[in-house]
Amino acid sequence: MEQHRKSTVVITGTSSGVGLYAAKALAQTGKWHVVMACRDLPKTEKAAQSVGIPQDSYTIMHIDLASLESVRQFVNNFRASGRSLDALVCNAAIYMPLLKEPLRSPEGFELSVATNHLGHFLLCNLMLEDLKKASTSEPRLVILGTVTHNPKELGGKIPPRPDLGELKGFEAGFKEPIAMIDGKKFEPVKAYKDSKVCNVLTMRELHRRYHNSTGIVFSSLYPGCVATTPLFRNHYPLFQKLFPLFQKYITGGFVSEELAGERVATVVAAPEYNKSGTYWSWGNRQKKDRKSFVQQVSPEASDDDKAKRLWELSEKLVGLA
C-alpha cells in the first residue's frame, strides 16, 4: 500500500483562477493530494466541486497571507494533520490598481506587498522544515512569477516600472506612513509589480541558501497572460472586458486559467522541471503546443546583493530575525 501513497502539495490562492486549476491538474493525476490554502473556505469548496476535483484528493485549509499570525497558524494546522509535504506552490496574490491610499495588513504593512511577498516569505521559511522531510527525493517550492516584474518585457514596460530602490521603506520598518518598498510615494500598480520582483528574488535566494544542502528544487514560472484571472477583479469593469480581447486578438498572449494551471502543475511534478534556481516561461506569444523555456529575469531580480538584503530585511519584518 505504501508505494501508492499520494504526494502532498500545498497551493495558496486556490478558490479561483490559476491556483484552482493547478489544484485540479495535480489532483487528477491520482498521484497528488492537494491542500488548498485559502481565505474563503466555502467559496473554495464550491470551486473545487465546480471544476470536478475528486473529493478524496483535496483538503481545504484556512490561510490569510496578509496576516503573519494566520500564516503561522496554517503551518501549525498543516503539521497537526500529520501529512508530509512534497511541494509548496506560492500562487496567491492581490492586485488593487485603483487605490488612492494604501490598505494595511493586520501588522500594519501595505497590503499587496504584505500578501504577495511577506506572507509567502514567512510561509516558505517555515515550511522549509517540512519540505526537508519530504517523502519524495526531490521536493519542490514554486513561486508564481509575472511578466510585469521585468521592465524589458511588454508587461513591465508599461509605467510605473518596478523598482525596489535601496529598500529604504523596508529598512524603515514598512509601517505608517511608509507604503512602498523604496520608501517613496504610494503607487498601487508599482506596489504589485515590486512585490513580484520580491517573489523572484526570494526564489533565487532560497536556491542560493538551501538547494545544495537540502536538495529542494526552487523555481518560478510565468505561465502566460491569464487575462481573465480574478486577479483583475479590482480593476475597472471596462478593463476586465477589454484586456482578454486585447490579449487574444492583438498580442496573441492570451492563456486560459485552465492551461496556466496545467503549466503550474507541470513545473511542480514533471521530472524535466527539476532545475533549481530557474525561471520558467511560456512567453508572450502563445502558439499551439507552446513549449516552456528558461527565461532571463530582470536585472533587478537577478541582483544577488539585493536578494540578500531583501531577505535580511524581510526576516526582520516577519519576525524571523
Side-chain angles (χ1 to χ4, degrees), residues 6-96 103-107 109 111-127 129-131 141-144 195 199 226 228-234 257-258 260-262 264-265 268 318:
K6 289 180 179 178
S7 299
T8 301
V9 57
V10 167
I11 307 177
T12 64
T14 44
S15 64
S16 62
V18 177
L20 174 64
Y21 283 102
K24 177 187 178 182
L26 285 165
Q28 284 186 332
T29 64
K31 295 174 183 172
W32 288 88
H33 186 89
V34 184
V35 174
M36 302 174 76
C38 57
R39 281 182 302 185
D40 186 333
L41 278 62
K43 180 184 173 189
T44 305
E45 180 60 59
K46 210 168 160 185
Q49 288 177 15
S50 74
V51 299
I53 302 179
Q55 196 73 51
D56 61 348
S57 61
Y58 67 91
T59 305
I60 299 171
M61 290 177 69
H62 181 265
I63 192 170
D64 178 359
L65 282 149
S67 160
L68 301 177
E69 185 49 49
S70 175
V71 172
R72 289 193 168 88
Q73 192 56 56
F74 170 82
V75 174
N76 290 340
N77 292 343
F78 176 81
R79 287 175 183 161
S81 75
R83 293 187 176 280
S84 71
L85 182 66
D86 303 291
L88 170 62
V89 180
C90 298
N91 160 74
I94 58 165
Y95 175 54
M96 293 181 288
L103 297 175
R104 297 279 168 182
S105 74
E107 286 80 17
F109 305 131
L111 195 64
S112 55
V113 170
T115 305
N116 303 353
H117 167 57
L118 292 170
H120 277 131
F121 178 83
L122 178 60
L123 184 67
C124 290
N125 272 280
L126 296 177
M127 299 211 96
E129 297 314 307
D130 303 86
L131 285 169
L141 195 162
V142 179
I143 303 179
L144 265 281
S195 74
N199 286 162
V226 190
T228 56
T229 167
L231 185 66
F232 297 125
R233 63 178 164 258
N234 296 307
E257 293 166 55
E258 186 142 22
E262 286 165 9
V264 173
V268 171
V318 303

Is there a side chain to side chain contact (heavy atoms under 4.5 Å, CB included) between Ile143 and His120 once you walk through the steps?
CA-CA 9 Å; Ile143 303 179; His120 277 131; 6.0 Å; no
Take Ser105 and Thr115 through the test side chain to side chain contact (heavy atoms under 4.5 Å, CB included) and record every step on the way to the result.
CA-CA 8 Å; Ser105 74; Thr115 305; over 6 Å; no
As a quick check of understanding, evaluate side chain to side chain contact (heavy atoms under 4.5 Å, CB included) for Leu118 and Glu107, giving each step before the final call.
CA-CA 11 Å; Leu118 292 170; Glu107 286 80 17; over 6 Å; no
Applying side chain to side chain contact (heavy atoms under 4.5 Å, CB included) to Leu141 and Cys124, what does each step give before you reach the verdict?
CA-CA 8 Å; Leu141 195 162; Cys124 290; 3.7 Å; yes
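Val89 approaches Val264 most closely through the heavy-atom pair CG1-CG1, 3.9 Å. For Ala87 against Leu131, the heavy-atom pair with the smallest separation is N-CD2, 3.8 Å. The minimum heavy-atom distance linking Met36 with Tyr58 is given by the pair SD-CD1, 3.8 Å. Summarising the geometry of Gly52 relative to Gln28, their closest heavy-atom pair is O-NE2, 3.9 Å, with the distance given to 0.1 Å. Closest approach of Thr12 and Leu123 over heavy atoms only: CG2-CD2, 3.7 Å. Taking each heavy atom of His33 and Asp56 in turn, the nearest pair found is ND1-O, 3.6 Å.
The distance from the CD1 atom of Ile53 to the CG atom of Leu20 is 5.0 Å, given to the nearest 0.5 Å. Summarising the geometry, atom CD belonging to Glu258 is positioned 4.0 Å from atom NZ belonging to Lys24; distances are rounded to the nearest 0.5 Å. The distance from the CG atom of Leu103 to the OG atom of Ser112 is 8.5 Å, given to the nearest 0.5 Å. Separating the CG atom in Asn116 from the SG atom in Cys90 is a distance of 11.0 Å, to the nearest 0.5 Å. The CG atom of Leu88 sits 9.0 Å away from the CZ atom of Phe78 when rounded to the nearest 0.5 Å. In this structure, Gln73 CD and Ser67 OG are separated by 9.5 Å, a value rounded to the nearest 0.5 Å.
Pairs of residues two or more places apart, or lying in two chains, that qualify as salt bridge (Lys or Arg N to Asp or Glu O under 4.0 Å) and include a residue from residues 59-79 are Arg79-Asp130.
Within the 4.5 Å cutoff, the side chain of Lys31 has no heavy atoms near those of the Ser7 side chain. Between Phe109 and Val318 there is no side-chain heavy-atom pair separated by less than 4.5 Å. At a threshold of 4.5 Å between non-hydrogen side-chain atoms, the residues Lys6 and Ser57 count as touching.
Checked by atom type and distance alone, the side chain of Asn91 pairs as donor or acceptor with a backbone atom of Gly13 at under 3.5 Å. Of the possible polar contacts, none joining the Asp86 side chain to the Val9 backbone as a donor-acceptor pair under 3.5 Å is found.
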